[in-house]
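Everything numeric in this text was worked out from a predicted model, so none of it was measured. We count ligands from 1, going down the list as the structure has it; atoms in each ligand are counted the same way.
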Amino acid sequence: MKRIYLDYASATPIDSRVLDFSRWYLEDMVGNPSSLHSLGLQAKKAMEESREKIAGFINAENESTIIFTGGSTESNNLAIQGCSLRNTGKGKQVAASAIEHISVLNPMKYLQKNGFRFSLIPVDSQGLVDLEQLEDIVTKETLITSIMYANNEIGTIEPIKEISSLVHEKGLYLHVDAVAAGGYVPLDVQKDNIDLLTLSSSALYGPLGAGVLYVKPGIKLQSILPGGGQERGLRSGSENIFALVGMGEAARIAKKERAKETPRFQNIRDSLIDGILKIDDSFLTGHPTLRLPHHASFRFSYIEGESILLSLDMYNIQVATGSACSSRTLEPSHVLLAIGLKHEEAHGSMVLTLGRSNTSKEVPHVITAVTNTVEKLRDLSPLYKKKK
Ligand code: PMP
C-alpha cells in the first residue's frame, strides 16, 4: 500500500532543491559568519542573501527587519517576551486569541506569572476572532496582541488587516504567528501593518532548526538569549548556516510556486471535504471558505480522533487529530474548546493537511478509508449503540 501522507502541518520534508542549494554548508568546511577570513565572509554573504529572499517573501521594508532564530517557538518567545520586557514603561498587559499555538500562549502565561495582565480574546464557532471583544480587551496598556494569520488545527484564516487596524487604534504592537499560513497565503507585512511576524523554515519545506522573526523598523525588543550579540543583539549564538541558507531558498520556491499550487490544493481539499461530509454525524471544523487551501479538518460524533488516526495508519494514511505539539496530553484541544465544542465533541477530531506529494488520484482511497474507519469504530462505540 503506497503511503498517503496528510499531516504536512506537523512535519514537512525538506525539498530536494533546497537540500541541493544548501548542501555545501552541511558537508563542506563552512566559516563562522562572525569570522573575518574569506570563509567567514562567504558564510555571512550566504546568510544575507537568504535574509533578502525572506524579506521578499513577506514584502518587508528591508532585509535588516529579518531576525533568524532556531525555530518558530523561539521566534514567538522573542516577539512576546522581548517586546513586553523591553517596553514595560508603556503598559503591562498582553493579549492573544484563544486559538493561538501553545508557543504563544505559554510565553504569555509566563509573563502573567511575572506581573503582566494576560487576556484571551475569544473566537466564534468557525474560529474567527471576535472583533468586538478584541476592541473591548485591547487598550493603550496592551503592549502586544498576538493573533495568528491562520490556525494550524482548523485552517481558519483571520482578517489580519482589519485586526491590525483595531490593534493599532487601541493598543500598541501586533504580533502575527504566520507559521501555518506561510507558503499558502501571500504575506505582506507592510500592507497589513504587522509589527512582528513569525515564520518557520520547516513549514516551507526548508530545513528544521531555523525560524524568522520579522521586526518592523523602529520596534525595540529585549534579547531573551544574551551572548555574543549575533542577529542585531537579539539572538546570540553561532548561526546554523545550513538551515538559515536553506530557509531563504525554501521561501523563494514557495513564493514562486504558490499561484500554481493553491488551486491544485483547493481542488483536492474540496473533494476530500465533499466526500468525508457524506458520512453521518460528521462536521467540518473551522471556516468553510476562509480557510487554508491545503487544510481539511473534521469532527465525528461518538468516536475518538486517536482511534481514527491509528486505524488510518493501518491503511498507510497519516493524519493528525490536532496540533502535534499537544498530542501527548489527553486533554482535548484548546482550539476546539475555544470554538465552542463540548469535551466529547472535541475528542473526535481529524485534521488533514496536504502537501507537494499529494494528488487528486489519492482522494477516493482516502474517502473510502475514512468512511470504513468511522463505521468500524462506531460499531464498537457504546455511545453510538445508545444513540441507535
Ligand atoms: N506556531 C504554529 C501555528 C505551529 O503550528 C507550530 C508548530 N508547528 C509552532 C508555532 C511551533 O513550531 P516549532 O515546534 O517548529 O517551533
Checklist entry - Thinking salt bridges, do R235 and E74 make one under a 4.0 Å N-O criterion? => result yes
Next on the checklist: Just to be sure I read this right, does ligand 1 sit under 4.0 Å from the backbone of V179, its side chain, both, or neither, counting only heavy atoms?
Outcome noted: side chain
Checklist entry - Between S200 and ligand 1, is there a nitrogen or oxygen pair with a distance under 3.5 Å? => result no
Item to check | S103 contact mode with ligand 1 (heavy-atom cut-off under 4.0 Å) | outcome: side chain
Checklist entry - Is the shortest side-chain N to carboxylate O distance from R51 to E231 below 4.0 Å? => result yes
Next on the checklist: Regarding H175 and S146, do their side chains bring together a donor and an acceptor under 3.5 Å, going by distance alone?
Outcome noted: yes
Checklist entry - What atoms of ligand 1 come within less than 4.0 Å of a heavy atom belonging to T73? => result 11 (C), 12 (O), 13 (P), 14 (O), 16 (O)
Checklist entry - Does any donor atom in the side chain of T69 or S75 lie under 3.5 Å from an acceptor atom in the other side chain? => result yes
Next on the checklist: Residue-level breakdown please: for E74 versus ligand 1, do any non-hydrogen atoms fall below 4.0 Å on the side chain, on the backbone, on both, or on neither?
Outcome noted: neither
Checklist entry - Can a non-hydrogen atom of S202 be found less than 4.0 Å from any atom of ligand 1? => result no
Checklist entry - Is K53 salt-bridged to E249, cutoff N-O under 4.0 Å? => result yes
Checklist entry - Just which atoms of ligand 1 are under 4.0 Å from any heavy atom in M148? => result 3 (C)
Next on the checklist: Can you tell me how the ring of H365 sits relative to the ring of Y315, calling it parallel under 30°, perpendicular over 60° and tilted otherwise?
Outcome noted: perpendicular
